[in-house]
Amino acid sequence: MSTNANAAALTERSPDELAAFAAQAREEYADLKAKGLTFDLTRGKPAAEQLDLSEELLRLPTGHTSPSGVDVRNYGGLEGLKELREIFGELLGVDTAQVIAGGNSSLTMMRDTLVYLLLHGAIDSPRPWGEEETIRFICPVPGYDRHFSMLASFGIEMVTVPMTDDGPDVEACAQVAAEDPSVKGMWAVPTYANPTGQTITQEVAARLAAMETAAPDFKIFWDNAYALHHLTEVETKSADILALCSSAGHPDRAFVFASTSKITFAGAGVAFLASSIDQIEWWLGHTAMGSIGPDKVNHLRHLEFFGSADGVRAHMAKHREIIAPKFAEVLRVLQERLGGLGIARWTEPVGGYFVSLDVLDGTASRVVELAKEAGVALTPAGSSYPHGDDPDDRNIRIAPTFPDLADVTDAMEAVATCVRLAAAEHL
Ligand code: PLP
């Protein structure tokens, strides 16, 4: 998190200086509104230019038989095409036998997993989760809004723990999990977290894998959505949670999720689930009640397109070339307009899709409101918290990938203007 303390902080200024700052902020905001902008920084979506990188997929596959002889047009192969599972197994650091290639959405696989747990229980559950009086999940915050809304939709209670530079506050996780048998699981976005960008360290991952839990069937939902989404040439490696769980004596603790939503097409990629062999069998057993096989034509299409794990890595470098300048621009504008004022801090991510901006406590909703009135759509304040409730009203998630570079500049200038005005009003 950048603190950017290199100019006179607003809080240290005299009442006269503060009044002058506020007058200037109001003027800047009036000018901004007069421009009649319309920008959207809400969702972490790939830009059209990124989707164009995968345009060839629309002309694939060239045939209908996989290298191992599977006719992809037909039913069957619930676990997905072997050769594609090999590639993504290699990229995720998991044996092919432990990876399933599914439909287009990993979020759907997470939801299905949760439904199976609620209705049937896991292989190590004393009873279906749904028969418990209360179920709780540990939720690192800020986090991914859809993780939280998914839990809320099933009436699962959320216990928040703070994110640190090393991942979730692991002492807090261990304490909550050890004390309360209704705590059945936790979310983790191990690489370039949404929205804060941190990567879970080896040490934190090992502790999560080994910690004692009051629930015998505690599950880590290890959502590695940004495993390959590096913004620099450093390819941060995710901790191998399945191996760590296995060597800690909890082989069935983790489910790993990933997808090509931000690699190929967000609406027509391939999602993956990995776990222990026993848990893969459990998952396929339940999934078989609703499917005779995934879209293997799409699997073959992706296989032909990438060819190998290195093909995926080379493809991700092209994404980086498009989006890294947008992130650099967000950081440049934030530093230029807000640096040193003591009214905002932000992350400087080296991967993923977001910049997490913390403004003065109690002003995030005002910033979002001001931005909306000036034509800039920001994710609602609080959306990175369970039930949309940021207790400090502090956090705003910035998603810069979708707009083009010039629009990122203008939109961030607008955001900075709103942060300055909200802070001036507040102080
Ligand atoms: N997980 C995280 C952490 C995300 O940020 C997103 C999308 O923003 C998803 C999952 C969605 O994944 P999918 O498109 O595979 O459903």
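Sequential numbering from 1 along the given sequence is applied to the chain's residues. Counting convention: from 1, in listed order, for ligands and their atoms alike.
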Salt bridge flag under 4.0 Å for residues Arg320 and Glu235 = no

Main-chain N/O of Ser308 paired to Arg313 side chain as donor or acceptor, under 3.5 Å | no

Can we say Glu369 and Arg366 salt-bridge, meaning some charged N sits less than 4.0 Å from an Asp/Glu carboxylate O?
-> yes

Hey, does Tyr226 sit under 4.0 Å from ligand 1 if you only count heavy atoms?
-> yes

Specify the protein heavy atom at minimum distance from atom 1 (N) of ligand 1: its residue, its atom name, and the distance to 0.1 Å.
-> Asp223 OD2, 2.5 Å

What residue and atom, counting heavy atoms only, is the protein's closest point to atom 12 (O) of ligand 1, and at what distance?
-> Ser106 OG, 3.2 Å

Looking only at distances, please establish whether an N/O atom of ligand 1 is found under 3.5 Å from an N/O atom of Asn104.
-> no

For atom 11 (C) of ligand 1, which protein heavy atom lies nearest, and how many Å away is it?
-> Tyr144 OH, 3.7 Å

Heavy-atom contact under 4.0 Å between Lys262 and ligand 1?
-> yes

Considering all heavy atoms, the nearest Gln98-Ser276 contact = NE2-CA, 3.8 Å

Please identify which atoms of ligand 1 are closer than 4.0 Å to at least one heavy atom of Ser105.
-> 15 (O), 16 (O)

Using a 4.0 Å heavy-atom cut-off, say whether Ala271 meets ligand 1 through its side chain, its backbone, both or neither.
-> neither

Indicate yes or no for a side-chain donor-acceptor contact from Ser383 to the backbone of Thr379 under 3.5 Å, with no hydrogens or angles considered.
-> no

Between Trp187 and Phe137, how do the two ring planes meet: parallel, tilted or perpendicular, split at 30° and 60°?
-> tilted

Do we get Lys262 above Tyr226's six-membered ring, with its NZ or CZ under 6.0 Å from the centre and within 45° of the axis?
-> no

Give the atoms of ligand 1, by number and element, whose distance to some non-hydrogen atom of Ser261 is under 4.0 Å.
-> 13 (P), 14 (O), 15 (O)

Answer yes or no: is there an ion pair linking Arg207 with Asp166, defined by an N-O contact shorter than 4.0 Å?
-> no

Mode of Leu107 contact toward ligand 1 - side chain, backbone, both, neither (heavy atoms, under 4.0 Å) | both

Per-atom contacts of ligand 1 with Ser259, taking only distances under 4.0 Å to non-hydrogen atoms = 13 (P), 15 (O)

